[in-house]
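Chain naming here is simple, since letters A, B, ... match the order of the sequence lines and numbering starts at 1 in each.
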Protein chains: 2
Amino acid sequence: MTSQVWASSQEESAQSAAQPRWLDAEEQKAWRAWLNSSMLLADRLDRELTREAGIPHGYYEILVQLSETPGRMMRMSELADRCLSSRSRLSHAVSRLEERGWIRRQVCESDGRGQLAVLTDDGFEALEAAAPIHVEGVRTHLFDQLSPEQVAAMRDIGETLLRHLDATPAPQH
Amino acid sequence: MTSQVWASSQEESAQSAAQPRWLDAEEQKAWRAWLNSSMLLADRLDRELTREAGIPHGYYEILVQLSETPGRMMRMSELADRCLSSRSRLSHAVSRLEERGWIRRQVCESDGRGQLAVLTDDGFEALEAAAPIHVEGVRTHLFDQLSPEQVAAMRDIGETLLRHLDATPAPQH
DNA sequence: GCGGAATAGTCAAGCCCTCAACTACGCTGG
DNA sequence: CCAGCGTAGTTGAGGGCTTGACTATTCCGC
């Protein structure tokens, strides 16, 4: 509580760059609770999945998206969007999954620039093996901890934030 | 919605490894809204801070923790815990902040094994410059979007999850 | 149909993080 | 008082991610 940089002029309520709209103590607690819990939960789930199934959560996400698609294939760009991933990152990740034999690339017939990522049978089996581990983690660390009201609020908050973030242009990806 | 791996035996409610407790459609939506919103928000704040202040959010976190401490210094381990960071990661990060002249290391007198990370005046100035940018991002992308009730619920959910995660032993860090 | 702009995807360099040693110091029991 | 163990922190190797440049293809206007 000593020498906080925002302890200067707390009584302001001006706009943006002029006078920062500092967070009060309650807001800080809310923000930290949200940030820390989301970081720790994501980290925990990723570690458990990596340890017990040998699949990092990011890779798991890719497999899930492909498995839910007709033909179990998808354009690289769309896959990147759905996985909240940059194209470069997805390209690297798919290369590594290709080495594991879980995905193969296929040129897109309707667009010569495009590539399709296709989930292989081996990839589907790997996903089937990993899914119970992941879902158990989400149950244990999330749904088992929250009341139905909290779950509803969590969804509501998440969707509210997503609407804003989707509508606001990020510098780039 | 095609060929989902968890479409097999939905009617079970047995325990853990035996029969997975799959998520129903509502739970999936809640989970994805929470996961995606927290990932996107963290990413957005990190990018804005990096772009406009030249400080990644992880480094900012370190500076904040030190600035709030009497003497603006802290043991490496405690700093790592507060930043939700591994010791190795913090050690690397402090080395890089040392190169920027924002932190210096100092041996701990009461424990010859220990090191203190000390925030320099330059580091404090860098934090002062970055803080308004960060707080404006948190306002814009979080608090401006949510009602007071949503903020209260967010904090409640976050604290509930943190209690569980802190109480549950993670394999290791 | 042709030239320029936009789009799809990949690649390389550099940074950051993780994992697993490793050093150094402190603590405790015999 | 020292052997062994636990703790604090660092380091290096290896791999993932980001940025920005690059190639290939398609779209669009004239």
Visitor: Write out all pairs satisfying salt bridge (Lys or Arg N to Asp or Glu O under 4.0 Å) with one or both partners inside residues 156-170 of chain B, taking only residues at least two apart or from two chains.
Guide: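 Checked against salt bridge (Lys or Arg N to Asp or Glu O under 4.0 Å) - neighbours excluded - the pairs reaching residues 156-170 of chain B are Arg155(B)-Glu159(B).
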Visitor: Take the protein atom CG of Leu90(B) and the nucleotide atom P of dC17(C), then report the distance between them rounded to whole Å.
Guide: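 That distance rounds to 10 Å.
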Visitor: Does dT18(C) have OP1 or OP2 sitting under 4.0 Å from an N or O in the side chain of Ser86(B)?
Guide: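 Looking at the OP1 and OP2 atoms of dT18(C), one of them is under 4.0 Å from a side-chain N or O of Ser86(B).
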Visitor: Please name all residues satisfying side-chain hydrogen bond (donor to acceptor under 3.5 Å, both in side chains) with Glu125(A), sequence neighbours left out, ordered by chain then number.
Guide: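 Glu125(A) satisfies side-chain hydrogen bond (donor to acceptor under 3.5 Å, both in side chains) with no residue once adjacent residues are dropped.
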Visitor: Under a 3.5 Å cutoff, is there a donor and acceptor pairing between the side chains of Arg100(A) and Tyr59(A)?
Guide: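 No.
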Visitor: Among dG9(C), dG26(C), dT11(D), which nucleotide has an atom closest to any side-chain atom of Ser91(B)?
Guide: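 Out of dG9(C), dG26(C), dT11(D), the nucleotide with an atom closest to Ser91(B)'s side chain is dT11(D).
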Visitor: Provide, to the nearest angstrom, the distance between the OH atom belonging to Tyr60(A) and the P atom belonging to dG16(D).
Guide: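 Going from Tyr60(A) (OH) to dG16(D) (P), I get 20 Å.
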Visitor: So which nucleotide from dT26(D), dA8(D), dG9(C) ends up closest to the side chain of Gln115(A)?
Guide: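 The answer is dG9(C).
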Visitor: Quiz question: by atom type and distance under 3.5 Å, do the side chains of Arg72(B) and Thr120(B) form a donor-acceptor pair?
Guide: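 Note: Arg72(B) and Thr120(B) side chains miss the donor-acceptor criterion.
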Visitor: Output all residues satisfying side-chain hydrogen bond (donor to acceptor under 3.5 Å, both in side chains) with Glu27(B), sequence neighbours left out; order by chain, then residue number.
Guide: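 For Glu27(B), the residues satisfying side-chain hydrogen bond (donor to acceptor under 3.5 Å, both in side chains) (neighbours in sequence not counted) are Arg139(A).
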Visitor: In whole Å, what is the span from the CZ atom of Arg89(A) to the P atom of dG15(D)?
Guide: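 Atom-to-atom, Arg89(A) to dG15(D), this comes out as 18 Å.
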Visitor: Report the distance from atom NE2 of His57(A) to atom P of dC17(D), rounded to the nearest whole Å.
Guide: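 After rounding, the reported distance stands at 13 Å.
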Visitor: Distances under 3.5 Å only, N/O to N/O: pair up the protein atoms with those of nucleotides 13-15 of chain C.
Guide:
none

Visitor: Rounding to an integer number of Å, can you tell me how far Asp46(A) CG sits from dC19(C) C1'?
Guide: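 In whole Å, dC19(C) C1' and Asp46(A) CG are 14 Å from each other.
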Visitor: Does any pair with a residue in residues 61-107 of chain B pass ring-ring contact (aromatic ring centres under 6.0 Å, His included), and if so which ones, sequence neighbours excluded?
Guide: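 ring-ring contact (aromatic ring centres under 6.0 Å, His included) check on residues 61-107 of chain B returns no pairs.
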Visitor: Taking only side-chain nitrogens and oxygens of Arg113(B), does any of them come within less than 4.0 Å of OP1 or OP2 of dC22(C)?
Guide: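 Indeed not, no polar side-chain atom of Arg113(B) lies that close.
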Visitor: Out of dC17(D), dG9(C), dA20(C), which has the shortest distance to the side chain of Ser77(A)?
Guide: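 Of the candidates, dG9(C) comes closest.
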Visitor: Counting only distance, no hydrogens or angles, is the base of dC17(C) paired donor-acceptor with the side chain of Ser88(B) under 3.5 Å?
Guide: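 Per atom types, no contact qualifies.
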Visitor: List in chain and number order the residues that pass side-chain hydrogen bond (donor to acceptor under 3.5 Å, both in side chains) with Asn36(B), two or more places apart in sequence or in another chain; answer none if no residue qualifies.
Guide: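 Counting only residues at least two positions away or on another chain, Asn36(B) forms no side-chain hydrogen bond (donor to acceptor under 3.5 Å, both in side chains).
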Visitor: Under the ring-ring contact (aromatic ring centres under 6.0 Å, His included) definition, can you give me all pairs with a residue in residues 147-166 of chain B, not counting sequence neighbours?
Guide: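 Every ring-ring contact (aromatic ring centres under 6.0 Å, His included) pair that includes a residue of residues 147-166 of chain B, provided the two are not neighbours, is His141(A)-His164(B).
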Visitor: Which nucleotide, dT18(D), dA8(D), dC19(C), lies nearest any side-chain atom of Arg87(B)?
Guide: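 That would be dA8(D).
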Visitor: According to side-chain hydrogen bond (donor to acceptor under 3.5 Å, both in side chains), who are the partners of Glu149(B), at least two apart in sequence or on a separate chain?
Guide: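 Listed in chain order: Ser147(B).
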Visitor: Within this structure, what is the CZ-to-C1' distance between Arg75(B) and dT10(D), rounded to whole angstrom?
Guide: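 Rounding to the nearest Å, CZ of Arg75(B) and C1' of dT10(D) are 14 Å apart.
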Visitor: Please list residues of residues 104-112 of chain B whose heavy atoms come under 4.0 Å from any atom in DNA chain D, ordered by number; otherwise none.
Guide: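 Only Arg105(B) qualify.
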Visitor: Atom CG of Asp81(A) and atom P of dT7(C): how far apart are they, to the nearest Å?
Guide: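 Roughly 13 Å, once rounded to whole Å.
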